[in-house]
Amino acid sequence: MGRFVSLYDWRVRVLFLAAEAAPLVKVGGLGDVAGSLPRALAALGIDVRVAIPDARPLEERRFVPRPVATFSVSAAHGDEVAAVSEVDVDGFPFLLVGGAPIPRSGRVYGNGIGEDGPKFAFFCRAALELCRRSGWKPDLVHAHDSHAAPAAAWLSEASGDPFFRDTASLVTIHNLPYMGTGAGAALADYGIPVDGDGLPEWARGALLPVGIARADEISTVSPTYAREILTPEYGCGLDALLRSRADRLTGIVNGLDLTVWDPSADSALARRFDAARIDARDENRDALRRDLGLESDPAAPLVGIVSRLDDQKGFDVAAPALARWLASGGQLAALGTGDPAVERGLGELAAAHPSRAAVRFRFDADLARRIYAGADMFLIPSRYEPCGLTQMIAMRYGCVPVARETGGLADTIRDAAGSAGTGFLFPTLDPDAISGALERARALRGNRPAWRSLVLRGMAEDFSWTRSARAYDALYVRAAARRRETVAR
């Protein structure tokens, strides 16, 4: 293959594998990354091809898949037929990998590892085989989370394969606890290794760990989270393995698609605005209060929440702090679904303070945007947060984050105690720490010039994908060097 150099010398070819990619399929933040990062990489000159499982029919929307290939994928139980289609989204192609192991049920993630093990093992093998069939040889396979990590495990033993001998691998960890354990039989069925040096016995045959153990390089979505997962507290039982591969682990903060998240062009808002028209946020706040039935009180600071309501997000611990906030004159606008116990706790707060708290348990993209644009502060009390996008969106929309100092939150928010602050951080997850940060925010909001400066600093932050894409380019070069070393042995 010759010398692997950066995109500035020649056009690197990268196969991007993920379970979802916006705007085709989006369940969570992974979909945003897989839909946006490849475009930023392509803008730098990288030849990127994105493949996702064809699990959700798209024909009823504006996307019209075009069949491009049908071929067999070998498996111990007998060959499976893969059918691949291509979808063009505003000039960028996405590949949809289908076949019997990938039910077109609309479920991106199945009912358990019995469905997801075969689905994602087949997906990885079929996506790689498509490259061989088409003659497009990737210099690197960028595998995202457990669903794509088996591709890196398979490539680790492909040194005898003339086509994939030099293909490097990068596994990006978006959320370590979601490992896909119990997939050993499915992996073995498709010829994917189920073990690796340093892999704990319990993690053998788990989708994400087998990729972590064998990838040429590993990344996660913020530098702080990269350090945190080396510890027992955050390492989910893989901390020893990750420490043994720490020289291959890099943290790169996610970015935002600034064309999607733009308050100056957002049709969901009562009034569009930018940093030069920041006073228009007052109109958005008033409109949000009317929409949610909250008391019109200009002096009351309004806290926003847009989140999954699960254990990771910490709202069970935040509930007592929010009760104090409401009792002392604050307001709350919350949107999300998840754990029934967390929903019940927030619902009780709204019932106890009907004019000061409104909670909506649903997915509502337009209401989410109105909360970003109308709330004064945005609460993120996460137990852990690999990166997080909501704090970036909030700042772009002039909403000041109040967040736990962990993972990507620590990397993207500077505390207001400093002159360059963009938000409020609290170090521990307990009600008193959350209350303290909220009260600091309330006090600064009372100083209108200081608050305005804080808001504008947040809006001025560069959360575009360009910087992250350049960091990934450098990581691709390093992964290829690792691969050359391995093959040369």
Asks: Is any side-chain heavy atom of Val141 less than 4.5 Å from a side-chain heavy atom of Leu155?
Replies: yes
Asks: Going by side chain to side chain contact (heavy atoms under 4.5 Å, CB included), Val221 matches just one of Thr172, Ile173, Val33, Val253. Which one?
Replies: Thr172
Asks: Please report the shortest heavy-atom distance between Ala215 and Arg248, naming the atom on each side.
Replies: O-NH1, 4.0 Å
Asks: Determine the minimum heavy-atom distance between Glu20 and Ala34, stating which atoms define it.
Replies: O-CB, 3.1 Å
Asks: Inspect the contact between Asp116 and Arg107 and indicate whether a charged nitrogen and a carboxylate oxygen are less than 4.0 angstrom apart.
Replies: no
Asks: Compare every heavy atom of Ile212 with every heavy atom of Arg245, then report the nearest pair and how far apart it is.
Replies: NH1-O, 2.6 Å
Asks: Before accepting this row, confirm whether a basic side-chain N of the pair Asp266/Arg272 lies closer than 4.0 Å to the acidic partner's carboxylate O.
Replies: no
Asks: Taking the side chain from Arg383 and the backbone from Gln312, do they hold a donor-acceptor pair closer than 3.5 Å?
Replies: no
Asks: Less than 6.0 angstrom separating the ring centers of Phe164 and Trp154, yes or no?
Replies: yes
Asks: How close do Cys124 and His147 get, counting heavy atoms only, and between which atoms?
Replies: SG-O, 3.5 Å
Asks: Within the distance-only criterion (no hydrogens, no angle test), does the side chain of Asp364 pair as donor or acceptor with the backbone N or O of Leu367 below 3.5 angstrom?
Replies: yes
Asks: Determine, stepwise, if the pair Val81 / Thr70 fulfils side chain to side chain contact (heavy atoms under 4.5 Å, CB included).
Replies: CA-CA 7 Å; Val81 176; Thr70 302; 3.6 Å; yes
Asks: Counting C-beta onward and ignoring hydrogens, is there a side-chain heavy-atom pair between Phe463 and Ser468 closer than 4.5 Å?
Replies: no
Asks: Hey, does the side chain of Thr337 reach the backbone of Phe361 with a donor-acceptor pair shorter than 3.5 angstrom?
Replies: no
Asks: Tell me, do Tyr472 and Leu41 make a side-chain contact under 4.5 Å, heavy atoms counted?
Replies: yes
Asks: Counting only heavy atoms not in Asp79 (residues, nucleotides, ligands), do more than 12 fall under 6.0 Å from its CG?
Replies: yes
Asks: Using 4.0 Å as the upper bound for N to carboxylate O, is an ion pair formed by Asp54 and Arg104?
Replies: yes
Asks: Does Asp161 come within less than 4.0 Å of Arg132, counting only side-chain N to carboxylate O?
Replies: yes
Asks: Between Glu385 and Arg404, does at least one N-O distance fall below 4.0 Å, as a salt bridge requires?
Replies: no
Asks: Which is it for Asp47 and Trp136 under the side chain to side chain donor-acceptor pair (under 3.5 Å) test, yes or no, and what are the steps along the way?
Replies: CA-CA 10 Å; Asp47 182 2; Trp136 183 82; 3.0 Å; yes
Asks: Between Arg243 and Asp239, does any side-chain N to carboxylate O distance fall below 4.0 Å?
Replies: yes
Asks: Can you give me the closest heavy-atom contact between Leu475 and Ser219, atom names plus distance?
Replies: CD2-CB, 3.8 Å
Asks: With a 4.0 Å cut-off, would you call Arg470 and Asp473 a salt bridge?
Replies: no
Asks: Less than 4.0 angstrom from a charged side-chain N to a carboxylate O is my criterion; do Arg13 and Asp139 meet it?
Replies: yes
Asks: What closest approach, in Å, do Thr406 and Thr224 show between heavy atoms, and which atom pair accounts for it?
Replies: C-CG2, 4.4 Å
Asks: Can Glu157 and Arg214 be counted as an ion pair, charged N to O under 4.0 angstrom?
Replies: yes
Asks: So for atom CZ, which belongs to Arg467, do other residues, nucleotides or ligands contribute more than 12 heavy atoms lying within a distance under 6.0 Å?
Replies: no
Asks: Ring-plane angle category for Tyr397 and Trp261, please: parallel below 30°, perpendicular beyond 60°, tilted otherwise.
Replies: perpendicular
Asks: Could you tell me how the ring of Tyr234 sits relative to the ring of Tyr384: parallel (under 30°), tilted (30 to 60°) or perpendicular (over 60°)?
Replies: perpendicular
Asks: Are Phe120 and Phe122 near enough that their ring centres are under 6.0 Å apart?
Replies: no
Asks: What I want to check is whether the side chains of Asp189 and His77 have a donor and an acceptor closer together than 3.5 Å.
Replies: yes
